[in-house]
Amino acid sequence: MELSDANLQTLTEYLKKTLDPDPAIRRPAEKFLESVEGSQNYPLLLLTLLEKSQENVIKVCASVTFKNYIKRNWRIVGILVEDEPNKICESDRIAIKANIVPLMLSSPEQIQKQLSDAISIIGREDFPQKWPDLLTEMVNRFQSGDFHVINGVLRTAHSLFKRYRHEFKSNELWTEIKLVLDAFALPLTNLFKATIELCSTHANDASALKVLFSSLILIAKLFYSLNFQDLPEFFEDNMETWMTNFHSLLTLDNKLLQTDDEEEAGLLELLKSQICDNAALYAQKYDEEFQPYLPRFVTAIWNLLVTTGQEVKYDLLVSNAIQFLASVCERPHYKHLFEDQNTLTSICEKVIVPNMEFRAADEEAFEDNSEEYIRRDLEGSDIDTRRRAACDLVRGLCKFFEGPVTGIFSGYVNSMLQEYAKNPSVNWKHKDAAIYLVTSLASKAQTQKHGVTQANELVNLTEFFVNHIQPDLKSASVNEFPVLKADGIKYIMIFRNQVPKEQLLVSIPLLINHLQAESIVVHTYAAHALERLFTMRGTNNTTLITAAEMAPFVEVLLTNLFKALTLPGSSENEYIMKAIMRSFSLLQESIIPYIPSVITQLTQKLLAVSKNPSKPHFNHYMFESICLSIRITCKANPDAVGSFEEALFMVFTEILQNDVQEFIPYVFQVMSLLLEMHKNEIPSSYMALFPHLLQPVLWERTGNIPPLVRLLQAYLERGANTIASAAADKIPGLLGVFQKLIASKANDHQGFYLLNSIIEHMPPESVDQYRKQIFILLFQRLQNSKTTKFIKSFLVFINLYCIKYGALALQEIFDSIQPKMFGMVLEKIIIPEIQKVSGQVEKKICAVGITKILTECPPMMDTEYTKLWTPLLQALIGLFELPEDDTIPDEEHFIDIEDTPGYQTAFSQLAFAGKKEHDPVGQMVNNPRIHLAQSLHKLSTACPGRVPSMLSTSLNAEALQYLQGYLQAASVTLL
């Protein structure tokens, strides 16, 4: 694309259309942009637009499009060209890096943020090696004195350096951080001091203070990132400057910076929150160096906590301040600060209890923003909430003072429950706080998967459950006191391992009943609690709650779960769908009578959500539930597969025709499951679809590859003869898919899965003409790029070929490509590499194949190949007896599918559509060691004396000993 006015105009029009709410206008525009993004100059056109366009909306849209383009395409993956083409040419990369920093700094804040993100994405790949002057360019701007520019630099530096907070230690990382510190630490410290001075100069100028405090927040964040991995020498030497200023900022209160907004945190709160984080980092990691400063920080933060109000805007500040105390009280060094009973009482009374209260804002979230409430409360994304921080502080204090703390809180819990009992409808929040206190006191260790795994011995959980939790859940109305219902259900969920099984069984009908509650939080919690109870393990690795124990509740459970999906706000509730999936899995054949109604409801839901898939987890569990319905029913009645196809195929066709990208990989998996259920030929409805599955466009998306390969394998297993007779013209297309997959390091194993199915199932004459070409392609790939994964798959393939067509056919095809090629493959690949093959079935295929080469291939006995006979046998005995060789050459770069860039839907494996492992030599060979002994016996009968003499001259003693064992086990001898 030329950098011309015409192209700028075209681009402007298409960007406008991508903002159109009408999908008929928006989608084609998005497709157009997708189609041109590989063109040279495309990113430069976007940058020109965001600099020169007269319309602000276009500037913003161009900046977002540019950032997403960089996110998708900047990273170069794969050494093979076919893997992932490099979509941004070198000249564009150079031009982007040359222009983006000045452009970002001169743009308005909204656009500055987008470009700053783009710089950090490029920096993650190119900095420091391929972008050495980035830091200098940024640091030089500190001198400008223009805080719009300075804040742009700080924001970019923050997005560039914040990854230091979660990177693993490595030499590369240390080198990079050292480089950054050398260039950045001193200018940052000088800027910090200068900004603080400017704050006192402009103490009465509100607009100047806003800009300066924005800078201080970013500086404090950078301090955290640069100090996270280790304490840098520079910061240790300058600790006095940083800590004194941090301390004075913590105690600062400027009326001009106070906001009237009760919800949104102001600059002062955000700065103090970050300083609490910085102090906690030093207290935890560098306690020795930080010791002189700690007492004054503890005092300042304590005063902050006692004087800060309950408004939402202070939540982050309060939770970070409490987290600071929590991290300090857990350290043995600082234990003495908390030992005094009065100190503990005062912390409990003034910090913990007030911050555990259920506030009006929490009530509002519970009722009006239930999704966010659930995410915070159930999934632990409540890191920044006051309650969570108070809970962590309780745990921290219990580490050294469990007895006294439990004693203090027991008093609070009792008085709260008494208050509640006096007037439940007014005082229900007291009971909520009491339950929360008991929960945080009792749970010492907790995981998402198992609930609480370690509890405080001093709290009687079952007694509390029976006296205070069950009565709420047994009350006649499922809709009164919804918060307490949710608390009660959550209590069952958290302490499911501590409460005895008989109490859990009493709870199950109560939970099923609460699936009908109007409150989204309550019926979601009920579904989640049931799902968690159904996954608990009992003895002998079975489920704790059995299908028999659930028998009386099957109908009401399924009815209420599906009804819950019709309640307002829960039409795509992932917790309910997960509970449906788990119920099916637990109940197995008990659900068969309800399948007709269930599958109708699931297909209607599938049709509805396929119009606009927005909840990936919900969709995943829905497809899992469909797979379970199919498996359970067809296990009892294989002929039922037809009725499922009838119910599902219409929706599947619509999904494929409308190209619903998120659902296509799932549809292929369900279709594979259905097709594998057919015992005989392939139904014609599947054959009609077969040509479409070979279309290259489907194979472009990474997420489609595994399920499509599996589906094609199902076609080959069930209908190879039909394909050979009725669709022989499609075989080149099938091999074309194999050729594409084999060229990619990420997907070559999928290519082999397909090839192995072709070799195993297709009638030999239908692939005769292509065989040599297949081998040539494999050798080309071996020459270009030999990876361990490819070698393993290649070995399994040639041995499967040998089993299917015979050892002589294998030798002949190799030698027809190039004379003596067979010997080279044996010597250079099979003998040295066979040890790397992993997996029971794979090893068995290789063992049977090699046995055939040893005993059914005449050239191995009387040509120059004979010298390889004993080494090959030795390698085979090694495959049986030696541990698997899992070494991977250092220089080899395995590409994880997850790392491939691209915005395709990643492939999500359906657990309940799982494919049984298939053993192509199962019928023929049971024990490969005995099979080797019998085959050697047969060979020695045909040429007496040869085999023993070959063994005695060159097989090593240990291998010979193993071989004697095989011969004995097979009751045969060698002649």
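Excluded from the calculations below are hydrogen atoms, water molecules and symmetry mates; all remaining heavy atoms, backbone and side chain alike, are included.
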| Which of parallel (below 30°), tilted (30 to 60°) and perpendicular (above 60°) describes F794 and F779? |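 Perpendicular, since the angle between the ring planes exceeds 60°.
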| query | What is the ring orientation for F623 with Y666, classed by angle as parallel under 30°, tilted 30 to 60°, or perpendicular over 60°? | reply |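 Ring orientation of F623 relative to Y666: parallel.
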Whether [X] side chain and [Y] backbone form a donor-acceptor pair below 3.5 Å:
X    : Y    : answer
S744 : K740 : no
N799 : L795 : yes
R781 : K786 : no
S725 : N721 : yes
S585 : R582 : no
R537 : T542 : no
K852 : A807 : no

Evaluate the side-chain proximity of [Y] to [X]: yes if any heavy-atom separation is below 4.5 Å, no if none is.
X    : Y    : answer
L939 : L854 : no
L868 : E827 : yes
H761 : R718 : no
I705 : W699 : yes
Q669 : C627 : no
N956 : L960 : no
L674 : F649 : yes
K730 : L694 : yes

| Among side-chain atoms of D815 and Q811, is any donor-acceptor pair under 3.5 angstrom? |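 Looking only at side-chain atoms, Q811 and D815 do form a donor-acceptor pair, the distance falling under 3.5 Å.
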| task | Verify whether one side chain among Q713 and H918 offers a donor that lies under 3.5 Å from an acceptor in the other. | result |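 Side-chain D/A pair, Q713 to H918: absent.
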| query | Between N756 and Y801, does a side-chain contact (heavy atoms from CB on, under 4.5 Å) hold up when you go through it step by step? | reply | CA-CA 8 Å; N756 291 348; Y801 186 94; over 6 Å; no
| task | Report yes if the distance between the aromatic ring centroids of F912 and Y621 is under 6.0 Å, otherwise no. | result |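 No, the ring of F912 stays outside the 6.0 Å limit from the ring of Y621, centre to centre.
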| request: Answer with yes or no after comparing the ring centroid distance for F775 and F797 against a 6.0 Å cut-off, counting only values under it. | output: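 Yes, the ring centres sit under 6.0 Å apart.
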So which heavy atom on [X] is nearest to which on [Y], and how close?
X    : Y    : result
M687 : P691 : O-CD, 3.4 Å
T866 : P859 : OG1-O, 4.2 Å
S940 : L974 : OG-CA, 3.7 Å
E884 : S838 : OE2-CB, 3.0 Å
F814 : M821 : O-CB, 3.2 Å
H678 : P683 : CE1-CG, 3.4 Å

Between atom [atom1] of [X] and atom [atom2] of [Y], what is the distance when rounded to the nearest 0.5 Å?
X    : Y    : atom1 : atom2 : value
L675 : F668 : CG    : CZ    : 13.0 Å
M860 : L808 : CE    : CG    : 12.0 Å
L754 : L735 : CG    : CG    : 8.0 Å
C634 : F644 : SG    : CZ    : 5.5 Å
L826 : I853 : CG    : CD1   : 5.5 Å
S672 : L711 : OG    : CG    : 4.0 Å

| request: Answer yes or no: are there more than 12 heavy-atom neighbours, outside N926 itself, under 6.0 Å from its atom CG? | output: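 Incorrect, the count does not exceed 12.
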| task | Verify the neighbour count for atom CD of Q840: are there more than 12 heavy atoms of other residues, nucleotides or ligands below 6.0 Å? | result |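 Atom CD in Q840 is not packed in, count stays at 12 or less.
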| field | Pairs satisfying side chain to side chain donor-acceptor pair (under 3.5 Å), at least one member in residues 959-974, at least two apart | value |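 Pairs touching residues 959-974 that pass the test: E881-Y966.
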| query | For D919, what residues pass the salt bridge (charged side-chain N to carboxylate O under 4.0 Å, His left out) criterion, not counting sequence neighbours? | reply |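 Counting only residues at least two positions away or on another chain, D919 forms a salt bridge (charged side-chain N to carboxylate O under 4.0 Å, His left out) with K844.
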| message | Strictly below 4.0 Å, N to O, side chains only: are E624 and R631 in salt-bridge contact? | response |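 A salt bridge is absent here (no side-chain N lies under 4.0 Å from a carboxylate O).
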| query | Step by step, would you call I803 with M924 a side-chain contact (heavy atoms from CB on, under 4.5 Å)? | reply | CA-CA 10 Å; I803 294 167; M924 201 167 64; 3.4 Å; yes
| Where do E676 and R710 land on the salt bridge (Lys or Arg N to Asp or Glu O under 4.0 Å) test, with the steps shown first? | CA-CA 10 Å; E676 286 157 9; R710 175 178 167 195; 2.9 Å; yes
| task | Go through the steps for Y805 and E812 under the test side-chain contact (heavy atoms from CB on, under 4.5 Å), then give the verdict. | result | CA-CA 11 Å; Y805 294 116; E812 284 170 350; over 6 Å; no
| request: With F752 as reference, evaluate L741, L800, L778 under the side-chain contact (heavy atoms from CB on, under 4.5 Å) test and give the passing residue. | output: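 In the set L741, L800, L778, the residue that makes a side-chain contact (heavy atoms from CB on, under 4.5 Å) with F752 is L778.
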| query | With sequence neighbours left out, what residues match N171 under side-chain contact (heavy atoms from CB on, under 4.5 Å)? | reply |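 W174.
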| request: For I664 and F652, run side-chain contact (heavy atoms from CB on, under 4.5 Å): C-alpha distance rounded to whole Å, both residues' side-chain angles, the deciding distance at 0.1 Å, then the answer. | output: CA-CA 9 Å; I664 288 177; F652 285 178; over 6 Å; no
